[in-house]
Enquirer: 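Submitted below is the structure of interest, expressed as structure tokens.
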Amino acid sequence: MGSHGNNLFGAVSSSVEAVTRPFHCDAISQQIRTFIQMRTNLKVVDNSGAKRVMCIQAKSGKYGAKLGDTIVGSVKEAQPRGKVKKGDVVYGVVVRAAMKKGRSDGSEVQFDDNAIVLVNNKGELIGTRVFGPVPHELRKKKHLKILALAEHIV
Amino acid sequence: MGGAAISSHGLACAPRGAVPPYPRSRRASAAAAAGHRSSHQLLLRSDLPAHPILCRARSQSSSSSNVNFGGGDDADKLLEDLIKQHGEVVYSSGSSPAVEADDDAECLSFAVSLAKVASEIKAADIRVLCVKRLVYWTRFFIILTAFSNAQIDAISSKMRDIGEKQFSKVASGDTKPNSWTLLDFGKFLFSDIVFPVAYLMIFCTLTGDVVVHIFLPQQRAFYNLEEFYGNATPIELPFDTQWQ
């Protein structure tokens with residue numbers, strides 16, 4: 001966390017995260033990423049058994065879900081012996097978003113993929129471990145349980 | 001030695017704890033790396049008390065000649081001169097160990113008092129873990145098992161009371177009891193990094209201090225936090241923690 005600035009961090013699961021100082025976006029090389037909304041495919045990064053979830057609804061936010069928000073999704077792909085199976089309707093917390101999230105020191109966090117962690121409707125985690133990097137914006141959103149189970153915090 | 005001599009001549013302004021070792025080591029390494037000629041110059045410079053005027057003249061000339069950086073040695077010496085003349089320690093990294101130990105001791109006493117409260121309400125299997133090396137966002141974890149929602153309520157309300165009254169720490173966390181209830185007594189609960197200068201502040205008083213995990217018995221086995229934080233050092237509690 002301490003080494004902010006232009007650093008690229010490559011995790012084993014090949015989700016690259018870029019923390020950048022704000023600069024003029026080169027419109028040709030950069031793609032502006034937006035919110036997580038209906039029909040967005042997200043990766044599941046805990047060991048609950050699901051692999052991909054398609055968002056049905058963003059629980060909060062007028063335009064869609066951002067980092068740290070909860071969504072409702074339908075499991076599209078699942079591991080054979082897991083706690084959820086294909087076709088289940090589940091809740092999830094967004095832990096990595098391809099949309100830049102600003103921090104109060106002026107830097108922005110952006111990940112390469114959209115990832116969620118499955119939660120039940122009371123807010124309890126279904127899985128027991130979280131893989132890949134998670135940002136510490138989750139602390140402010142009261143998702144300390146995810147931070148406590150995360151393997152790497154950015 | 002050199003640092004003390006410099007301050008006695010009033011050349012530099014207030015070199016504090018961190019600065020004197022640094023130029024000395026730089027000087028030593030420069031001497032080791034530099035050639036014969038410059039090592040002579042370095043020896044001359046370390047004779048500081050005897051030649052104050054010489055030193056001042058040299059620094060004048062070197063600051064005026066900062067347009068042409070001759071070699072690496074000259075740049076080093078120039079830099080050292082400038083630091084001695086104008087430098088002052090704004091922040092020393094890591095905030096002297098004494099301050100850190102104080103903070104740690106305070107957090108530790110807070111954690112132990114919370115654990116004591118929990119044991120009075122008959123929570124089971126209380127563990128206090130020091131996760132300072134593993135996790136940057138907190139210092140201590142307290143993990144305990146409660147057996148009913150009412151008990152979880154009682155524990156969390158007592159802990160909040162103690163936090164507010166004795167240690168003036170506000171808890172943010174789960175208000176309704178859950179199978180895994182979490183209480184976060186942290187300092188930096190707002191979106192964390194304020195601005196770059198305060199970065200260094202963040203590193204020394206790194207977000208507070210104690211996070212409390214209250215589990216129901218089957219959830220504790222399910223999530224198995226102790227295994228995940230197996231590398232954390234457990235803290236001995238001065239009272240009986242095993243109720244079963």
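Within every chain, numbering begins at 1; the chains are lettered A, B, ... in the order of the sequence lines, protein sequences first and strands thereafter.
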Enquirer: What is the minimum heavy-atom distance between Tyr136(B) and Val154(A), and which atoms define it?
Expert: OH-O, 4.1 Å
Enquirer: Could you tell me which residues in residues 156-164 of chain B have at least one non-hydrogen atom under 4.5 Å from a non-hydrogen atom of chain A, sorted by residue number?
Expert: none
Enquirer: To the closest 0.5 Å, what do you measure between CG (Leu144(A)) and CG (Asp184(B))?
Expert: 4.5 Å
Enquirer: For Leu138(A), is it the side chain, the backbone, both or neither that has a heavy atom under 4.5 Å from a heavy atom of chain B?
Expert: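 For Leu138(A), there is no contact with chain B at all, as no heavy atom is under 4.5 Å.
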Enquirer: Does Lys86(A), at its NZ atom, have more than 12 non-hydrogen atoms belonging to other residues, nucleotides or ligands within less than 6.0 Å?
Expert: no
Enquirer: In terms of heavy-atom proximity below 4.5 Å to chain B, should Lys145(A) be classed as side chain, backbone, both, or neither?
Expert: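 For Lys145(A), the contact with chain B is made by backbone and side chain together.
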Enquirer: Rounded to the nearest 0.5 Å, what separates atom NE2 in His136(A) from atom CH2 in Trp137(B)?
Expert: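 CH2 of Trp137(B) is found 12.0 Å from NE2 of His136(A).
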Enquirer: Output every pair passing salt bridge (Lys or Arg N to Asp or Glu O under 4.0 Å) with a member in residues 229-238 of chain B, not counting sequence neighbours, ordered by first then second residue.
Expert: none
Enquirer: Check residues 69-81 of chain A and write down every donor-acceptor pair under 3.5 Å in which the side-chain atom is one partner and the other belongs to a residue at least two apart or another chain.
Expert:
from     : atom 1 : to        : atom 2 : distance (Å)
Asp69(A) : OD1    : Lys141(A) : NZ     : 3.3
Asp69(A) : OD2    : Lys66(A)  : N      : 2.8

Enquirer: For residues 214-231 of chain B, dump all side-chain donor-acceptor pairs below 3.5 Å to protein atoms at least two apart in sequence or in another chain.
Expert:
from      : atom 1 : to        : atom 2 : distance (Å)
Arg220(B) : NE     : Glu226(B) : OE2    : 3.0
Arg220(B) : NH1    : Asp125(B) : O      : 3.0
Arg220(B) : NH1    : Thr145(B) : OG1    : 2.5
Arg220(B) : NH2    : Asp125(B) : O      : 3.2
Arg220(B) : NH2    : Glu226(B) : OE2    : 2.5
Tyr223(B) : OH     : Leu125(A) : O      : 2.5
Asn224(B) : ND2    : Glu227(B) : OE1    : 2.8
Tyr229(B) : OH     : Ala148(A) : O      : 2.5

